[in-house]
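Have a look at the structure below, then the notes.
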Amino acid sequence: MIETLRFWVIVALLGLGVLFTFVSTVGVIRLPDVYSRAHTASQTDTLGAGFALAGVAVAFGWQHAAVYTVLLLFFVFITNPTAAHAISRSAAETGVAPVLAEEGEDGDETDRDAETDGESR
Amino acid sequence: MAVERLLVPLSDTVTVRQTVGYAVQSGLEAADSLECHLVVAMPYDADVPESDRYSDDAERLLSRAQNWVEEDAGGADVTIETTTLGADEYLFGPRDYAEIFDAYADEHGIDRVVLDPEYQPGVTAQLLQPLERELDRIGLAYDEAPVDRPARRGRLDGGAEGFDRLFATFLISYGFYLLLGDPTYWFDLVTGAAVAGIVAVSLAQVTFTVPLDRVQSPLRVVRFALYIPYLLWEIVKANIAVSLVILRPSMPIEPTLTRVNSRVRSGLPLTALANSITLTPGTLTVRANNQQLLVHTLIPGARDDLFDGGLERGIRFVFYGRKSAAIASPRERDDAEIVGGDEL
């Protein structure tokens with residue numbers, strides 16, 4: 001009984017990991033520029049790798065290898081934003097202009113800000 | 001009339017005063033007129049956090065050194081040039097330093113470089129020997145100023161603080177070693193202690209950039225452990241929001257560039273904040289200048305979260321405690337704004 005449950009937990013976790021990796025891939029293809037792609041690329045590292053490694057940890061059970069997977073995730077979480085920042089910063093440095101929402105000009109900034117205030121997240 | 005041209009790289013050390021003194025004296029011995037080029041090499045390029053502080057320090061050091069030269073020169077014929085080098089590039093190793101000195105020497109017809117034996121331009125690493133090797137290699141004449149050093153490396157015998165650093169480094173590396181190894185096996189315990197000992201002795205001085213505090217530092221680790229679940233929750237939330245937007249056929253994204261003035265100290269806290277912001281999908285730190293973060297946001301929801309400053313409060317909680325965490329959000333204190341693309 002416990003074994004079947006564990007099996008399905010592993011399948012669910014791996015499935016979620018694959019799902020978020022898939023979403024991230026779709027995002028990289030659909031989004032317009034390097035900055036917005038960097039957002040979605042980090043999804044693979046956070047939840048994609050996160051769920052997949054959680055699945056691995058459950059599969060290993062309570063033993064030393066599970067500790068390694070947690071450590072692995074920790075290092076992924078440290079390196080991912082560093083890499084994303086490096087990419088976007090070098091893009092900014094080489095003068096890649098971001099695709100921004102049209103009304104982003106200086107004039108109506110404050111109005112727009114107020115408009116979006118009430119929006120749900 | 002012969003002119004001796006000297007290049008004196010400065011850094012804020014205990015022996016810098018004597019180095020300048022030696023440069024003036026030896027220069028005036030070699031020729032009757034001296035041109036003294038005082039330079040500070042900037043270890044960071046101009047738009048790294050804290051670079052403002054570094055350039056302020058450099059300016060101060062240069063003006064101090066200029067006074068010293070005037071003082072030592074007496075009535076002799078001395079021309080002083082001061083400048084900072086490397087402000088537009090990232091100086092990494094001794095080779096980079098040697099090369100910018102060489103370029104400067106070529107440009108100004110420098111005869112000789114006078115080195116401070118304690119020369120230490122970056123943050124922690126000592127550079128003298130490798131720098132001399134590189135100067136040999138490119139064939140730039142140099143001279144090491146003979147100075148009396150007060151007790152070598154004053155920081156090593158820093159008493160309690162030195163011990164704290166050693167102990168903390170030892171504890172961290174021993175803990176990590178045992179995490180990878182088997183804490184119940186005597187062999188791992190012994191080798192781990194040996195390795196951690198070596199690591200602590202050799203790296204304790206460079207590991208921590210701020211002094212440790214016996215109460216606050218461990219507390220920060222505990223609070224950081226509390227922060228992780230909160231961060232994970234934020235990541236999951238943001239991931240779902242961004243995924244929904246991406247998968248929706250109309251893809252209603254609204255990319256904006258925002259500027260947020262954060263209220264955390266530069267260095268580790270700011271790095272932690274910028275990394276947390278990047279780690280949550282939907283917000284991406286493009287630049288970090290001092291406390292000013294330039295953040296690209298993908299969807300309005302993520303931008304609102306950013307302006308509400310949840311992560312900033314979390315970081316303040318980790319580094320300064322619970323009381324400091326309760327501050328107004330960037331939006332309320334008018335520290336967040338949407339900027340155009342030309343801000344990059």
Side-chain angles (χ1 to χ4, degrees), chain A residues 19-20 22-24 26-33 35-36 38-43 45-48 50 64 67-68 70-71 74 77-85 87-89 91-93 95-106 109-110 112-113 115-121, chain B residues 47 176 179-182 228 231-232 235-247 249 251 253-258 271-272 274-288 294 296-305 307-308 331 336-344:
Chain A
L19 173 75
F20 277 104
F22 172 75
V23 169
S24 159
V26 172
V28 168
I29 294 169
R30 290 192 70 190
L31 288 168
D33 70 340
Y35 301 102
S36 31
H39 288 285
T40 182
S42 73
Q43 285 190 286
D45 281 346
T46 53
L47 283 200
H64 224 99
V67 178
Y68 294 167
V70 173
L71 272 181
F74 180 69
F77 269 43
I78 292 181
T79 49
N80 156 50
T82 314
H85 173 65
I87 291 170
S88 58
R89 190 181 151 181
E93 211 120 293
V96 180
V99 176
L100 298 178
E102 275 109 38
E103 75 286 52
E105 297 308 322
D106 291 51
E109 247 172 41
T110 39
R112 254 179 39 69
D113 202 19
E115 269 168 41
T116 49
D117 264 4
E119 235 171 86
S120 63
R121 41 191 67 167
Chain B
D47 39 41
F176 188 62
L179 205 58
L180 292 178
D182 179 359
I228 288 176
L231 179 63
L232 285 178
I235 288 173
V236 171
K237 245 173 31 186
N239 254 300
I240 292 170
V242 170
S243 302
L244 288 179
V245 167
I246 286 171
L247 290 182
M251 201 167 67
I253 58 168
E254 196 180 291
T256 47
L257 213 53
T258 61
T271 312
N275 272 7
S276 304
I277 287 174
T278 309
L279 208 45
T280 40
T283 49
L284 173 73
T285 312
V286 181
R287 271 178 191 278
L294 203 58
H296 185 270
T297 61
L298 190 61
I299 51 176
R303 191 175 64 223
D304 288 343
D305 278 357
F307 286 4
D308 287 339
R331 195 210 309 276
E337 56 171 337
I338 299 172
V339 294
D342 40 326
E343 282 284 328
L344 279 180

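We name chains A, B, ... by the order of the sequence lines, and we start the count at 1 in each one.
- Residue contact with chain B, scored on non-hydrogen atoms closer than 4.5 Å, involves the side chain of A/F20 exclusively.
- With a 4.5 angstrom heavy-atom cutoff, B/T297 touches chain A only via backbone atoms.
- For the options A/L19, A/L31, A/V67, heavy-atom pairs under 4.5 Å to chain B are most numerous at A/L31.
- Between the side chain of A/T40 and the backbone N or O of A/S36, no donor-acceptor pair lies under 3.5 Å.
- Listed by chain and residue number, nothing satisfies the side-chain hydrogen bond (donor to acceptor under 3.5 Å, both in side chains) test with A/S88 (two or more places apart in sequence, or in another chain).
- For A/L71, the part lying near chain B is the side chain, with the backbone staying farther off; criterion is any non-hydrogen pair under 4.5 Å.
- B/I253 touches chain A through its side chain: at least one heavy atom from C-beta onward sits under 4.5 Å away, while N, CA, C and O do not.
- Heavy atoms closer than 4.5 Å to chain B are found in both the backbone and the side chain of A/V26.
- Of all the listed residues (B/T278, B/N275, B/I299), the one sharing the greatest number of non-hydrogen pairs under 4.5 Å with chain A is B/N275.
- With 3.5 Å as the limit, one finds a donor-acceptor pair spanning the side chains of B/N239 and A/T46.
- Annotation: side chain of B/L180 is in contact with side chain of A/Y68 (closest heavy-atom distance under 4.5 Å).
- If you check the side chains of B/R303 and B/T258, you find no donor sitting under 3.5 Å from an acceptor.
- Under the side-chain contact (heavy atoms from CB on, under 4.5 Å) criterion, B/V236 pairs with A/L47, B/I240, sequence neighbours left out.
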